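This report refers to the structure that appears directly beneath it.
Because only heavy atoms are used, hydrogens play no part in the values below, and waters and symmetry mates are left out as well, while side chains stay in. The structure presented is a predicted model; accordingly, all values stated were derived computationally and were not measured.
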Amino acid sequence: MAAKREHSKILLIYTGGTIGMVKDYHSGALKAFDFAKVVEGIPELGQLDCAIDSVSFRSPIDSSNMNPGHWVTIASIVEKHYSDYDGFVVLHGSDTMSYTSSALSYMLENLEKPVIFTGSQLPIGDLRTDAKENLITSIQIAALKEEGLPVVREVGLYFENKLYRANRTTKINAEHFEAFASLNYPILAESGVHLKVHKENLWRNRIKKPLKVHKELDDRVAILKLFPGFNRDLLRGVLGISRLRALVLETYGAGNAPTETWLLDDLKKAIDSGLYIVNVTQCSGGSVIMGQYETSRELERMSVINGRDITTEAAITKLMYLLGSKVSVSSFGTIFETSLRGEMT
Ligand code: ASP
């Protein structure tokens with residue numbers, strides 16, 4: 001689809017990440033720097049036909065230091081400025097970008113404007129940096145309008161020529177410019193000679209309602225990855241965490257787990273005493289199909305929640321969001337298994 005760029009107002013939210021980092025003189029390690037440096041590094045920003053304002057975290061951070069408190073800060077900035085801007089671009093380290101952007105997709109209910117996450121693998125000052133293209137195109141995407149309305153109306157993640165639905169992404173490479181993948185959902189837009197938007201893949205709210213920002217997140221959650229040799233002590237260690245309310249169980253293939261009696265007994269006991277367990281595959285692509293193999297039938301019988309083709313990032317943040325929203329015990333599984341923001345098929 002060839003969408004037009006009308007004059008738009010964009011807010012850049014700078015949280016940190018490699019994009020704005022500089023080398024520490026003594027240690028040689030990269031550390032977050034202030035936003036003025038980022039803007040200085042891209043004088044081309046002045047040529048874009050949209051008005052750009054920016055806000056920055058007081059102390060920009062490496063995204064390894066991100067936590068739900070920071071997600072609330074980002075959501076609150078969007079909420080505060082929602083009616084003043086046509087779109088938002090969040091500059092964020094790539095390491096935990098899929099977690100933050102997945103969380104934001106749930107926190108910003110009824111979103112009707114673009115919130116585009118981006119960052120880079122090399123700092124803005126590096127000669128071969130990927131930061132310029134990522135930032136400039138993210139702004140252009142956030143500024144796209146059609147008949148006066150934003151074209152993208154969801155939380156997206158733009159990296160190395162591709163716009164993804166954020167809650168479908170995973171960081172798959174620590175050094176390639178193409179650092180993210182969305183194996184279970186097609187891309188929303190791609191940048192080449194033309195900026196091509198795949199309109200059929202964009203999220204559209206069925207009913208238009210005012211933006212509702214959810215700031216209650218419950219972090220009493222855990223992720224447990226199965227591996228051959230996984231033992232009962234480890235399982236008991238995790239299930240014994242006091243106050244644990246929900247667990248993402250990363251299983252093999254199409255949602256399979258060993259059929260050892262101790263494993264099934266302990267999981268069932270935990271579910272019966274109120275723990276929510278979600279079955280998410282360790283594979284980057286494809287879906288959990290509970291009951292397809294004998295090795296997942298027991299999980300299905302004991303009411304393990306089916307994560308289908310959700311990513312671990314989108315699953316753990318969805319648990320935090322649903323627990324924080326005080327969803328009732330009787331509907332928790334059904335709501336989890338429902339796609340709320342296009343995070344599962
Ligand atoms: N460690 C950095 C971060 O996530 C890496 C990056 O920005 O890509 O903040």
Side-chain angles (χ1 to χ4, degrees), residues 5 10-50 52-57 59-66 70 74 87-101 114-144 152 155-164 166 169-182 187-196:
R5 233 175 307 136
I10 303 299
L11 184 65
L12 285 186
I13 303 170
Y14 177 59
T15 70
T18 298
I19 195 163
M21 285 186 181
V22 286
K23 268 214 172 102
D24 182 83
Y25 183 71
H26 294 292
S27 66
L30 287 171
K31 58 176 196 190
F33 206 58
D34 68 85
F35 187 68
K37 271 274 174 269
V38 180
V39 179
E40 259 173 45
I42 316 187
E44 293 91 336
L45 287 179
Q47 292 171 29
L48 290 170
D49 58 353
C50 50
I52 303 169
D53 292 328
S54 61
V55 292
S56 171
F57 271 20
S59 308
I61 55 171
D62 185 297
S63 78
S64 305
N65 286 319
M66 273 285 159
H70 295 114
I74 300 169
F88 302 83
V89 173
V90 183
L91 294 174
H92 191 290
S94 62
D95 289 349
T96 62
M97 195 187 287
S98 292
Y99 290 92
T100 303
S101 54
V115 175
I116 310 295
F117 279 75
T118 195
S120 64
Q121 292 281 57
L122 286 174
I124 196 88
D126 196 288
L127 259 190
R128 294 188 310 104
T129 189
D130 51 332
K132 288 190 186 189
E133 198 281 325
N134 285 348
L135 178 53
I136 289 171
T137 310
S138 293
I139 294 172
Q140 289 186 326
I141 289 171
L144 287 176
V152 178
V155 181
L157 188 156
Y158 182 81
F159 226 87
E160 189 61 4
N161 302 325
K162 294 191 179 96
L163 177 71
Y164 307 96
T169 62
T170 301
K171 184 170 180 184
I172 45 125
N173 203 299
E175 53 188 73
H176 289 174
F177 286 148
E178 184 152 352
F180 289 88
S182 163
I187 52 172
L188 307 182
E190 58 198 309
S191 159
V193 173
H194 302 288
L195 189 52
K196 226 190 268 164

Closest heavy-atom contact between [X] and [Y]?
X    : Y    : answer
L122 : A131 : O-CB, 4.1 Å
L157 : S101 : CD1-OG, 4.0 Å
I141 : L163 : CG2-CD2, 3.8 Å
S120 : I19  : OG-CA, 3.2 Å
G16  : P60  : CA-CB, 3.8 Å
I116 : A142 : CG1-CB, 4.1 Å

* **Test side-chain contact (heavy atoms from CB on, under 4.5 Å) applied to V89 and L11, step by step** => CA-CA 6 Å; V89 173; L11 184 65; over 6 Å; no

* Asked: Is the side chain of T129 donor-acceptor paired with the backbone N or O of P123 at a distance under 3.5 Å, no angle test?
  -> yes

* To do: Return yes if some donor-acceptor pair links the side-chain N/O of Q121 with the main-chain N/O of H176 below 3.5 Å, else return no.
  =>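 Yes, Q121 side chain to H176 backbone: donor-acceptor pair under 3.5 Å.
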
* Worked check of side-chain contact (heavy atoms from CB on, under 4.5 Å) between S94 and T18 -> CA-CA 8 Å; S94 62; T18 298; 5.7 Å; no

* Asked: Are T169 and S98 close enough that a side-chain donor and a side-chain acceptor fall under 3.5 Å?
  -> yes

Just wondering, do [Y] and [X] contact through their side chains at under 4.5 Å, heavy atoms?
X    : Y    : result
F159 : N134 : yes
I139 : C50  : yes
L91  : I13  : no
D95  : M97  : no
L135 : L45  : yes
V155 : F117 : yes
N173 : E178 : no
I74  : T100 : yes

* Residues two or more places apart in sequence or in another chain: which of them pass ring-ring contact (aromatic ring centres under 6.0 Å, His included) with Y164? ->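 Once residues adjacent in sequence are excluded, Y164 has no partner under the ring-ring contact (aromatic ring centres under 6.0 Å, His included) criterion.
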
* To do: Please assess Y158 against E133 for the test side chain to side chain donor-acceptor pair (under 3.5 Å), listing each intermediate value before the final yes or no.
  => CA-CA 10 Å; Y158 182 81; E133 198 281 325; 2.8 Å; yes

* For S27, what residues pass the side-chain contact (heavy atoms from CB on, under 4.5 Å) criterion, not counting sequence neighbours? -> D24, A29

* To do: Would you sort out whether H92 and Y14 count as a side-chain contact (heavy atoms from CB on, under 4.5 Å), showing the intermediate values?
  => CA-CA 7 Å; H92 191 290; Y14 177 59; over 6 Å; no

* F57/H70 aromatic ring centres below 6.0 Å ->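 Here the rings of H70 and F57 have centres that are less than 6.0 Å from each other.
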
